Number of protein chains: 2
Amino acid sequence: MSSRRDAVHDILRSSASFRSAQDVYAQLRSDGAKIGLTTVYRALQALADGGMVDVLRTDDGESVYRACTTDSHHHHLVCRQCGSTVEVAGPDVERWAEAVGAEHGFTEVTHTVEVFGTCAECSVSRTSR
Amino acid sequence: MSSRRDAVHDILRSSASFRSAQDVYAQLRSDGAKIGLTTVYRALQALADGGMVDVLRTDDGESVYRACTTDSHHHHLVCRQCGSTVEVAGPDVERWAEAVGAEHGFTEVTHTVEVFGTCAECSVSRTSR
DNA sequence: GGCAAAATGAAAACGGTTGTCAAAATCGAC
DNA sequence: GTCGATTTTGACAACCGTTTTCATTTTGCC
Ligand SMILES: [Zn+2]
Ligand SMILES: [Zn+2]
Ligand SMILES: [Zn+2]
Ligand SMILES: [Zn+2]
């Protein structure tokens, strides 16, 4: 179908970290791909809508995308420096969120949970500097 | 000190839901206050920096602020419809986040956790429509 | 009062994202 | 293959929340 969408998807699949639209666009262009920024935005949106990629917002309001390997519900442990990400499961957290919602009479309860830190690699390069 | 900052703070303290800068600005103006939008942004920023108010980002990228009553670390259960918010504690979640970080060699671990749902009141008005 | 420092706000700039719309690629008959 | 209809594309403009700028006003202090 859409080779451009596949190209965008491929970039994400080959990256361990969350990537922004402009980021993906820049890499595609430097890889020689003939694609416009608008199309990258549309592709990412479509992939996110279809549940093919995960999205989250950075502190400075940028949307970043990642092709996670786990199909089931999960969360992320993200390195603040290098952006490398580990998918993590938290059954206790899932239950806790549901319970908290129910306890206060809330329905259709969802949650956003992200964990940030400095990964081992970045810790080393920082302390050894 | 700053009477404008207090005015902004007061608006937040008198509201149970998270409010945006423009939102607070509109209310202050309609209350007859003589204040500029820039000052509202600055006041909210200062309050957030000083830990006087909590901030979170909505799905559409807007920063919203709330003067929480709890001084200690907590999270929020937010109604998707009316925005009314309950402060919730989750000791288990705190421990889980720390553990997950440590398990993967991450240091300086922080987390963002928010629970969303439809509050009891909004559920009623929805079903009875 | 007089003066330096801080606060204020109107307007412009910013930056990520979305809308527009005409051109290009793709599809589906014939 | 041709030709028209449909979809996709992308340069550019518009959008919108937020930040910066900078001249003016207010505040704190003597
Ligand atoms: Zn790292
Ligand atoms: Zn979860
Ligand atoms: Zn509600
Ligand atoms: Zn917490």
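So you know, we letter chains A, B, ... as the sequences are listed, proteins then strands, and number each from 1. Given the structure is predicted, the values throughout are model-derived calculations rather than measurements.
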Asks: Going by the rule side-chain contact (heavy atoms from CB on, under 4.5 Å), which residues pair with B/E94 if we only count those two or more places apart in sequence or in a different chain?
Replies: B/H73, B/H75, B/H111
Asks: Looking at the base of C/dA7, is there any donor atom on it, or on the side chain of B/T39, that sits under 3.5 Å from an acceptor on the other one?
Replies: no
Asks: Output the rounded distance in Å from CZ (A/R42) to C1' (C/dA25).
Replies: 14 Å
Asks: Is a side-chain N or O of B/T110 found less than 3.5 angstrom from the main chain of B/E108, in a donor-acceptor match?
Replies: no
Asks: Show which side-chain atoms of residues 30-50 of chain B pair as donor or acceptor with protein atoms under 3.5 Å away, not counting sequence neighbours.
Replies:
unit_1 : atom_1 : unit_2 : atom_2 : d
B/S30  : OG     : B/Q27  : O      : 3.1
B/Y41  : OH     : B/Q22  : NE2    : 3.4

Asks: Looking only at heavy atoms, what is the nearest atom pair of B/G83 and B/S17, with distance?
Replies: O-CB, 3.0 Å
Asks: In degrees rounded to 10°, what angle is found between the helical axes fit to the five outermost pairs at each end of the helix from C/dG1-D/dC30 to C/dC30-D/dG1?
Replies: 20°
Asks: What is the separation between atom OH on A/Y25 and atom C1' on D/dC12, rounded to the nearest whole Å?
Replies: 12 Å
Asks: Would you kindly give the CZ-to-C1' distance between B/R5 and C/dT8, to the nearest whole Å?
Replies: 12 Å
Asks: Output the rounded distance in Å from CZ (B/R29) to C1' (C/dA10).
Replies: 11 Å
Asks: Would you tabulate the pairs of protein nitrogen or oxygen atoms and nucleotide nitrogen or oxygen atoms of nucleotides 15-18 of chain D closer than 3.5 angstrom?
Replies:
unit_1 : atom_1 : unit_2 : atom_2 : d
D/dG17 : O5'    : B/Q22  : NE2    : 3.3
D/dT18 : OP1    : B/S63  : N      : 2.8
D/dT18 : OP2    : B/Y41  : OH     : 2.7

Asks: How long is the line joining CG of A/D49 and C1' of C/dT17, in whole Å?
Replies: 15 Å
Asks: Using a 3.5 Å cut-off and no angle test, enumerate the donor-acceptor pairs between side-chain atoms of residues 96-104 of chain B and protein atoms at least two apart in sequence or in another chain.
Replies:
unit_1 : atom_1 : unit_2 : atom_2 : d
B/H104 : ND1    : B/V100 : O      : 3.1

Asks: Assess the side chains of A/T112 and B/E114: does a donor N or O sit below 3.5 Å from an acceptor N or O?
Replies: no
Asks: State whether the side chain of B/E87 and the backbone N or O of B/H74 hold a donor-acceptor pair below 3.5 Å, judged by distance alone.
Replies: no
Asks: Would you say that more than 12 heavy atoms from the other residues, nucleotides or ligands in this model lie under 6.0 Å from the CG of A/D59, or not?
Replies: no
Asks: Does B/S15 reach the main-chain N or O of B/L12 with its side chain, forming a donor-acceptor pair under 3.5 Å?
Replies: no
Asks: Do you know the tightest heavy-atom contact between A/A16 and A/R66?
Replies: O-NE, 2.9 Å
Asks: Rounded to whole angstrom units, what separation is found between the CD1 atom of A/I35 and the C1' atom of D/dG10?
Replies: 10 Å
Asks: Could you go over nucleotides 23-26 of chain D and give all protein N or O partners under 3.5 Å, atom names and distances?
Replies:
none

Asks: What are the two closest non-hydrogen atoms of B/D54 and B/C68, and how far apart are they?
Replies: OD2-SG, 3.4 Å
